[in-house]
Novice: 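Here you go, one structure.
We count ligands from 1, going down the list as the structure has it; atoms in each ligand are counted the same way. The figures that follow rest on heavy atoms only: side chains count, while hydrogens, waters and symmetry mates do not.
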Amino acid sequence: MSSKTKCEGGGLAQMMSFDCLGFLPGDDVIQAMEIELMKRWGLSIDFKQSDSPPKAIGGKNRTNRDTTELEQAANEVTESTAMKEKAEVQKTECNGSEGSIDTPTSVGSSSRTNLVSDSSVANDGNVMGHVVASKTAGNNVEENVQRLYDEAVEILKKGNYCDSLILVDDALELIGPDDWPSCRPRWWILKAKVLNAMGDHVEALRSLQKVKIKDRSEDAWIEGATALGKLELHVTSEVWLKKALLSCMKPAGGEQRTCPRKLTHMLQAVRSGRIYDPLVKDTPIEINFTGNGREVRAERKISRGETIFKELPEILDQSISSHKRTACDRCGRSLVKPEDIFSKGHLACAELQKAFKRFWPKKTPVSCGSCDRVVYCSDSCRLEAWGSYHRAICPSSPETTAAMLYDVRKSFRDVMASDGSSWQGWWNNEFSPTLMAKVWASIMCQAKLLAASDGRESATKSDWFTAGSQFEKYSTSRDEPVKEVVPKMFELLNCHFRRCKVLHYDITEKNFNRKYHQIATNYITFYDASDPLRKFVDKVTTDNKMYKRIGKYFHEPLPKAEFHGLFPMASCLNHSCAPNAMLECVDVDGRPGIRIIATSDIDNGEEIRISYVDSRLERKERRRKLLKRFGFLCQCLKCQHEGDFPEVCTYCGKNADITDRESIQATASGAKTVNVTATVIDNVTATDIESDNVTATGTKSDNVTATGTESDNVTATCTESDNVTATCTESDNITCTESDDITCTESDNVSATSTESDNLSASGTENTQTSSLTEDAAAERRTPGGGDAKITSALAAGADSESASDTSSCSLQTEEQASIEGERTKYKPETNQEPKKIDSKPEKQMDDSQKGSANDSETRAAETNSTNSKSVSDSSDEVKTAAVGVEPIISDSKTQAAETNSTNSKSVSDSSDEVKTAAVGVEPIISDSKTQAAETNSTNSKSVSDSSDEVKTATVGVEAAKKFPTCGRCKKAWYCSQRCQKEAWKKGHKKICVKV
Ligand SMILES: C[S@@+](CC[C@H](N)C(=O)[O-])C[C@H]1O[C@@H](n2cnc3c(N)ncnc32)[C@H](O)[C@@H]1O
């Protein structure tokens, strides 16, 4: 795609949160019918070429579509519109209307009396009189016309449609076309407003069409779009809304500006209707667009256990962790073989072999024919895949970028468990990179088909827009940069599609981020409900004798071929931890799909929600998962009425003790390390005298301060925090990340490094080096291998064999080619081992790059999974850190994490490398003589000392506060008083409380 035709849409697309506002596939046919109808109603067709969609693939466009077909369709619409009109709430009629047969409504258009001279109408008489008089006298006319206009608007506001219509008509008659041409359009628009309010949308359009296109203001386009929408001419309505948006963004002769939210909302609502209405037509749901995005509502009462809808994925890819299980690349049908599941030893068992012969469903995979990377369950899947995406990513030769994409997918799975770090910059484990590649490939194949069906070699802008619009269904509100985290994958995809045989597509950074978030927000994990392994096991387990002999081979949870798919309707379902529906994997039309089932009775109009996580998990765990993958803090009824901590009243938020839970503080003297780590605590402070390391780490904290006097390293690190200060007096190093202020006073040798810091100052120091990185440089540093020219070029080299046409941008450098070979082998360790479960590591990879050191604290804290304190030291000379009173999980109250100002602290040490956890509420334990001073800066501080000077670790201990009594039924809420418990019960706890 040339830069001219990039599907970026600039501010417009962003504002709309749609990729590009092109036409949707099939719009040409719909528009042809809409034009037919408009002609019947005597409306002019003032379209330009660019207002028309490209013709449908394999279909007929409006020029070659059979006219009788169109007429028939138009007749049907006319009839249904007329019927609707009848059923609709009363339309206002002034003096009786005379609608023509084809015109669904025609109110007040023909039979009004001319009231130019009748100034008794409503209260406009005087103004009208003035206008007439001033016109005759030739003075003050414009002023009087303006007054007349204001008057008409006032009357309209009062809902007196007939009077305002009469006034507008009279004014239009009075102000002849040649009098004040610039003033007439306003009157026509006002007339359209009145007519729309009266329900006469055809007449409203007729009025608007009296205004020349070049004179149509944003208001005119909006009014027209409203009329068209009411007449259910949705494609044309959207065209008018886009014109409103354009004229609002850049009014004639005016400066570029931002448009009102209302307008973008209108466009989104029309667009959503156009996208989802055809999908939901045979279901009991409607999909609406609200201020909070899409939502699914019941259109009628739905009973518990009822299937709400079934759906197949629009596009899918196998999850990285299950790639060893053979499955169809197109539909996800599992083609798993015994060898994929059982070890060689097990396979040697004759009994098992016999059982395989008898019970294992036989299905021979169909290979791609061009590459050996994918298989299909049937020839039809193979052909479908080839036409719709695979031909754009088929790795027919091992040297291609496409092959590398598959290598990455495979190797990623193999090495993740052992060496996650070597994958930094390539990918994370959210979903497979080939899913993203398939999305682009299918846009490309669609654009190619659109172009080809019109006899063109290359795709036009409109083709690209239409092709891209198939993924508009998957909206997202997330926009964090991803390219920076996985720059190598960006390079690989960009290089591949830029030089692809099908068409050239230049993936921009913005495209990449957007597609990533679209997929990450919307993918659903599913599997083939008719998996051969499942069928085999079912058969064996029903045969008692057989089960006795071979049942021992499958005690483990059975591994499934698992997929990530994009499901248009299910992706609109919002989450609730107390859902009224759930998702189940089932066969749909002979293919693996899903169905949504009501888990309780659902009222007409009620929102349908599923749970994105296991709703039996603790609230903090559910919220952590939701925040991590979907970026929201769940506020559902269940979350509102469950607590995380026994020390905090779930209802009123009161703490069980009197300490100030907004602060966490540690002070130590002469210790090796003073380390305070906190999540969602406002003030995090580590202070130290003559110690080696002082570290304060805060996530989502307001103030993070590390202060050292004559200390070696002072580090304050924070993620998403407001103020981070590392202050050091006569100390050696200060490091601040994402800090607002850094201050150094009278230090000997200070090196203060700041990333994205606002203020960096060093005063009174003898030897000071300060550096402030620019955002770009910082990004490059943060991303291992970021900007790695070798990889980029090598990727280009790999792509060379695919296309000779575009060598300028991806040039081949031989010594670099060798380097990618090195990379390739590095990423392809030979392993026959069963891949380990890779849950946390890959996630951590992404976090590491995104969150910097804060991630460490989160990981450590997650390991301890405790709100309680611990301190750790060990005999190695590495500095060990431990989260102090840290809850890594999101908490909506700043008071939920424990703090150090406590009465009882403790520290634990151990000689192993691992972070150890400790029980709470006990006196400090000193199990290792190498642990030295620890002291909490509290009223009841503890101190621990030791005579050795080898390793000094000081960490702050925390005691859990007193606990409140729990809800006896569900044990998921704590209350400080009976009153709180009763109130909470009434306000919603009752609805979510389940006896355990
Ligand atoms: C699969 S989409 C669901 C449809 C969504 N409303 C939309 O328009 O895209 C998932 C996204 O919906 C939003 N979402 C879903 N459930 C939510 C909830 N309970 N609270 C807040 N946001 C929610 C989040 O932004 C999440 O990333």
Novice: Taking only residues two or more places apart in sequence or in another chain, which ones pass salt bridge (charged side-chain N to carboxylate O under 4.0 Å, His left out) with E618?
Specialist: none
Novice: Holding to salt bridge (charged side-chain N to carboxylate O under 4.0 Å, His left out), I want the full list of residues that pass it with K986, two or more places apart in sequence or in another chain.
Specialist: E983
Novice: Per the side-chain contact (heavy atoms from CB on, under 4.5 Å) rule, which among T434, L316, D317 passes with D329?
Specialist: D317
Novice: Pick one: which of M444, E384, R330 meets side-chain contact (heavy atoms from CB on, under 4.5 Å) with Y389?
Specialist: R330
Novice: Using side-chain hydrogen bond (donor to acceptor under 3.5 Å, both in side chains), reason through Y612 and R629 one step at a time and then give a plain yes or no.
Specialist: CA-CA 10 Å; Y612 297 172; R629 167 141 180 234; over 6 Å; no
Novice: Hey, which residues fall under 4.0 Å of ligand 1 on heavy atoms?
Specialist: N292, G293, R294, S475, S477, T521, N522, S571, C572, L573, N574, H575, R609, Y612, F630, F632
Novice: Among pairs that include at least one residue of residues 630-640, which meet salt bridge (charged side-chain N to carboxylate O under 4.0 Å, His left out), considering only residues two or more places apart or in two chains?
Specialist: K638-E642
